[in-house]
Amino acid sequence: MSEKNYEIEVLYSEEELEARISELGRQISEAYRGRSIHMICILKGGVFFMTELSKHIDESIPVTMDFMSVSSYGNDLQSSGVVKIIKDLDQSIAGRDVLVVEDIIDSGRTLHYLLHMLKDRQPASLALCTLLDKPSRREKEVKVDYTGFEIEDLFVLGYGLDYEQKYRNLPYIGAVKFI
Ligand code: IMP
Ligand code: MG
């Protein structure tokens with residue numbers, strides 16, 4: 001087996017993530033008071049975040065969930081901006097208050113495309129919540145409504161995010177340091 005040429009440094013601990021996500025849950029509960037929330041998780045990275053976030057939405061707000069899996073055409077390092085739907089939503093979003101839950105926004109290409117596509121399906125409202133945002137990397141404009149943490153231009157993993165499909169199970173967000 002080849003030697004690992006990287007180390008993982010903890011960026012946000014499990015406790016820090018849970019504290020921030022519970023704040024986001026409170027903020028979202030305030031914004032949606034008297035309405036419902038139809039949460040859409042972008043697989044696979046968004047799974048840990050969406051489940052934790054949904055636990056912090058006030059019980060008085062009806063929450064439903066659906067899942068979508070997309071892949072972007074292009075190489076692994078850079079998304080092309082054209083999104084291929086691997087798994088579409090099970091339910092219609094027409095007339096619903098939709099909250100898209102994503103792990104991280106990098107160039108913005110994926111979400112820029114996806115949000116336009118979802119808007120065409122005529123939801124009553126469409127908002128975006130991301131756990132992490134790398135604004136310095138943005139190439140396509142994306143309106144982000146709720147952000148967990150803004151981060152530098154780092155490659156991160158854990159809490160749903162992968163590095164070559166591994167490390168999604170880590171309970172913290174780590175930054176990859178190449179050595
Ligand atoms: P975008 O289209 O460039 O915004 O790409 C966003 C997608 O790239 C995210 O949903 C992630 O799947 C992936 N991604 C971007 N940055 C990272 C990272 O630092 N770690 C793991 N995945 C990342
Ligand atoms: Mg993703």
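We count ligands from 1, going down the list as the structure has it; atoms in each ligand are counted the same way. Remember, it's a predicted structure, so these values are computed and weren't measured experimentally.
- Numbered from 1 in the order shown, with element, the atoms of ligand 1 that lie under 4.0 Å from a heavy atom of K134 read 16 (N), 17 (C), 18 (C), 19 (O).
- Looking at T110, I104, D106 and measuring to atom 23 (C) of ligand 1, the nearest heavy atom belongs to I104.
- Residue contact check for ligand 1: L161 places a non-hydrogen atom closer than 4.0 Å to it.
- Considering backbone and side-chain atoms alike, I105 places every N or O at 3.5 Å or more from each N or O of ligand 1.
- Atoms of ligand 1 lying under 4.0 Å from at least one heavy atom of E102, given by number and element, are 10 (O).
- Taking a 4.0 Å cut-off on heavy atoms, D162 registers as neighbouring ligand 1.
- Between K140 and ligand 1 there is no heavy-atom distance shorter than 4.0 Å.
- In this structure, E30 pairs ionically with R33, as a charged nitrogen and a carboxylate oxygen lie closer than 4.0 Å.
- Ligand 1 lies out of reach of G45, whose nearest heavy atom is not under 4.0 Å from it.
- A ring-centre distance under 6.0 Å is found for Y163 and F155.
- The atoms of ligand 1 that sit less than 4.0 Å from any heavy atom of R109 are 2 (O), 4 (O).
- Ring-centre distance between Y12 and Y172: not below the 6.0 Å cut-off.
- One finds a salt bridge joining D90 and K87 here, because a Lys/Arg side-chain nitrogen approaches an Asp/Glu carboxylate oxygen to under 4.0 Å.
- Residues passing the side-chain hydrogen bond (donor to acceptor under 3.5 Å, both in side chains) test with E59, sequence neighbours excluded: none.
- Within the structure, ligand 1 has L154 among the residues with a heavy atom less than 4.0 angstrom away.
- Ligand 1 lies within reach of V156, whose nearest heavy atom is under 4.0 Å from it.
- The closest side-chain heavy-atom distance from T64 to S36 is not below 4.5 Å.
- Qualifying side-chain hydrogen bond (donor to acceptor under 3.5 Å, both in side chains) partners for D58, counting only residues two or more places apart in sequence or in other chains: S60.
- A distance-only check finds no donor-acceptor pair linking the side chain of D103 to the backbone of L161 [under 3.5 Å].
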